[in-house]
Amino acid sequence: MAGVMVERLPLAEQEKLSPAGLQRFQKTPAPLSEYEMKRLQNIQDNAKFFAALNLLETASALKKKTKTHTPSRGLKRTVPKVQEVEGVRRRSMRLQRVDPSGTPLPEAPVQWDPLSGDDNPMKPAGPLDMTPVDEAEILGFLKVWKEASLDGPAEALKQPLSNLKGYKSRLRSMTLGEEQVAKVTKNRIFSVAIHPSESRTLVAAGDKWGQVGLWNLDDRSSDDGVYVFEPHSRPVGCLHFSPAHPAHLLSVSYDGTLRCGDVSKAVFDEVYRDESASFSSFDFLSNDCSTLIVGHWDADIAVVDRRTPGTSHELLGQVNSKTVRTVHMHPVDLNYFLTAGAGDVSIYDLRRMKPRGMRPVASLSGNTKSVGSAYFSPVTGNRVVTICADDRIRVYDTSSLHAESPPILLSLKHNNNTGRWLTRFRPVWDYKQEDCFVVGSMARPRQIEIFHESGELVHAFTNEDYLGSVCSINALHPTRNLLVGGNSSGRLHVFMD
DNA sequence: ATGTTATGACCCC
DNA sequence: TGGGGTCCCTAACA
């Protein structure tokens with residue numbers, strides 16, 4: 001803890017688990033809801049799918065596998081080259097930057113424009129096939145993902161908070177080995193997600209240029225279990241498996257689309273699209289995860305219902321700040337949501353959505369520069385953790401939602417200066433231990449840190465051999481001892497017991 | 001001043 | 001060699 005300055009403030013007592021909080025990670029409790037009907041329909045639809053699957057799997061099992069062992073998992077060194085289908089590519093002298101005699105012209109400053117080149121074209125509207133960028137066979141993988149999604153509600157969610165000592169020993173049991181590191185996207189990671197299954201280990205990451213990589217860690221066969229898709233064309237800022245139906249993987253992107261990767265259909269459906277906008281984040285609004293709240297970069301907030309046809313929002317408001325980097329629902333009272341952006345962290349009431357200048361219910365003041373993220377503690381919502389460019393991590397007491405200015409419990413000095421090439425840190429709470437959060441770090445040796453809300457460094461994950469870079473974006477499994485950290489070259493690191 | 005966004009410098013086959 | 005993989009604490013602009 002050298003160099004770390006902690007300002008301690010009084011702590012409120014620990015709250016009990018709330019049923020509403022629990023439900024976020026459980027199946028929809030209501031019997032025969034619309035969702036259940038839809039699910040039955042899906043089961044029928046999928047019968048055919050599995051029939052086809054069995055046939056193809058048999059066929060692929062007969063294929064000879066000759067791949068040699070490589071020390072690192074994930075995306076391979078040699079990416080299959082896309083052949084120029086048009087034969088010789090004609091380029092003008094001007095584009096080649098040579099004058100008519102063939103002598104090179106002096107280098108002109110080029111404004112790089114992703115929209116004009118064919119490097120990163122906007123994806124077409126409508127569903128995209130779930131075809132990996134290398135066109136690898138994925139039926140076997142989809143089967144795993146689908147089976148993993150059939151896990152019932154976790155008993156562990158109902159267990160009371162363990163004490164800090166017990167929690168520490170759980171963290172100590174989590175290790176990183178060669179098999180727990182893989183490159184899952186081509187470029188730098190902007191978001192990660194963990195499938196909630198207790199029987200299977202499935203993680204995902206979204207990158208700078210719209211890729212979403214999925215990694216099945218249980219796949220120890222000759223294949224490495226990594227499958228890379230490209231459902232977006234710009235950074236994938238936020239990624240979550242649906243807690244109510246984890247066969248769905250939802251993603252939002254700066255490209256102005258929100259998609260839902262659906263195993264049953266093997267497509268990335270388009271849920272919400274606004275080409276003139278840029279989406280930064282989203283959260284599930286209802287416990288059945290059918291409605292979503294989406295934060296736009298320009299401070300618009302949209303409510304989206306996945307059940308209605310079309311790709312527009314149901315409701316649009318604008319919060320009273322310059323930008324919205326993250327949006328997060330209160331886990332107990334689903335009328336309230338939290339936004340964080342440029343120098344502003346506020347709680348708003350959904351029932352008072354307005355087209356412009358919404359007045360917050362509460363303002364979480366103290367951040368003196370740009371705020372990277374803000375999240376409610378996931379079970380009670382009694383805490384909010386923020387991270388700011390002023391090199392502080394702050395924890396607020398939000399147990400009284402109508403306190404206009406929730407008190408700061410902690411202001412922790414932390415080097416958040418990630419610079420030009422690293423994704424900004426986003427501390428997230430641990431569902432298993434609601435008073436602790438995980439955050440990336442610039443400290444050497446490279447580490448991923450777990451802090452208690454008091455500012456105590458509870459644990460630092462390090463590994464001399466396999467963790468040599470900054471993991472900006474991290475996620476913790478809701479019940480298992482499992483941590484995923486993503487770095488700026490597309491690699492995931494999975495600490496587990 | 002604050003906040004955001006660009007695509008660099010190396011090393012290694 | 002050069003293109004791709006990898007890690008990372010800057011500088012211009014609005």
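We name chains A, B, ... by the order of the sequence lines, and we start the count at 1 in each one. Just so it is clear, the structure is predicted and the values come from calculations on it, not from any experiment.
- Put simply, CZ on F190(A) is 13 Å from P on dT4(B), counting in whole angstrom units.
- For N417(A), the listed nucleotide lying nearest its side chain is dC9(C); candidates were dC9(C), dG5(C), dT5(B).
- Residues R383(A) and E453(A) meet the side-chain proximity criterion, which asks for heavy atoms closer than 4.5 Å.
- Ring-plane geometry between F337(A) and Y348(A) is classed as parallel, the angle between the planes falling under 30 degrees on a 0 to 90 degree scale with a further cut at 60.
- Within the 4.0 angstrom heavy-atom criterion, no nucleotide atom of any strand lies near G490(A).
- At whole-Å resolution of the value, CG in N416(A) and C1' in dC8(C) are 16 Å apart.
- The separation of dT5(B) from dC8(C), taken at their P atoms, amounts to 23 Å, rounded to a whole angstrom.
- For dC7(C) and dA6(B), the P atoms lie 23 Å apart once the distance is rounded to whole Å.
- Contact between the side-chain N/O atoms of R444(A) and the OP1/OP2 oxygens of dC8(C) is found at a separation under 4.0 Å.
- Nucleic acid contact class of R188(A) (heavy atoms, under 4.0 Å, all strands): none.
- At least one donor-acceptor pair under 3.5 Å links the side chain of T323(A) to the backbone N or O of A342(A).
- One can place CG of D391(A) at 14 Å from P of dT2(B), the figure rounded to the nearest angstrom.
- dC7(C) atom C1' lies 19 Å from atom OH of Y466(A), rounded to whole Å.
- The side chain of R234(A) has dA6(B) as its nearest neighbour among dT4(B), dT7(B), dA6(B).
- Using the six-membered ring where Trp is involved, W145(A) and F141(A) have ring planes that are tilted, between 30° and 60° apart.
- The distance between atom CG of L422(A) and atom P of dT7(B), rounded to the nearest whole Å, is 17 Å.
- Close to dT5(B), at under 4.0 Å from its OP1 or OP2, lies a side-chain N or O of W297(A).
- For R446(A), no side-chain nitrogen or oxygen approaches OP1 or OP2 of dC7(C) to under 4.0 Å.
- Nearer to the 5' terminus of DNA chain B, by closest-nucleotide assignment, is the contact made by K322(A) (compared with the other of G419(A) and K322(A)).
- In this structure, D207(A) atom CG and dC7(C) atom P are separated by 15 Å, rounded to whole Å.
- Distance R420(A) CZ to dA12(C) C1': 10 Å, rounded to the nearest Å.
- For S370(A) and dT2(B), the shortest distance from a side-chain N or O to OP1 or OP2 is not below 4.0 Å.
- Comparing atom distances between the K183(A) side chain and each of dT5(B), dT6(C), dA6(B) picks out dT6(C) as nearest.
- Distances were taken from every side-chain heavy atom of S489(A) (C-beta onward) to each of dT7(B), dC8(C), dC7(C); the shortest belongs to dC7(C).
- Summary of the strand contacts: W421(A) and T323(A) both lie near DNA chain B, and taking for each the nucleotide with the nearest heavy atom, the more 5' one is attributed to T323(A).
- Counting any heavy atom pair closer than 4.0 Å across all strands shown, S488(A) reaches a base atom.
- Atom CG of residue L258(A) and atom CD of residue E270(A) lie 9.0 Å apart, to the nearest 0.5 angstrom.
- For the C1' atoms, the distance linking dC9(C) with dC12(B) amounts to 25 Å, nearest Å.
- Rounded to an integer number of Å, the gap from NZ of K369(A) to C1' of dT2(B) is 8 Å.
- Looking at heavy atoms from C-beta onward, W209(A) lies out of side-chain contact with S233(A) at the 4.5 angstrom threshold.
- At least one side-chain heavy atom of V470(A) sits less than 4.5 Å from a side-chain heavy atom of R446(A).
- Atom name C1', nucleotides dT6(C) and dT4(B): the rounded distance is 25 Å, in whole Å.
- In this model, the phosphate group of dT6(C) is approached by a side-chain N or O of R491(A) to a distance below 4.0 Å at OP1 or OP2.
- Proximity of N487(A) to the phosphate of dC7(C): a side-chain N or O atom is located under 4.0 Å from OP1 or OP2.
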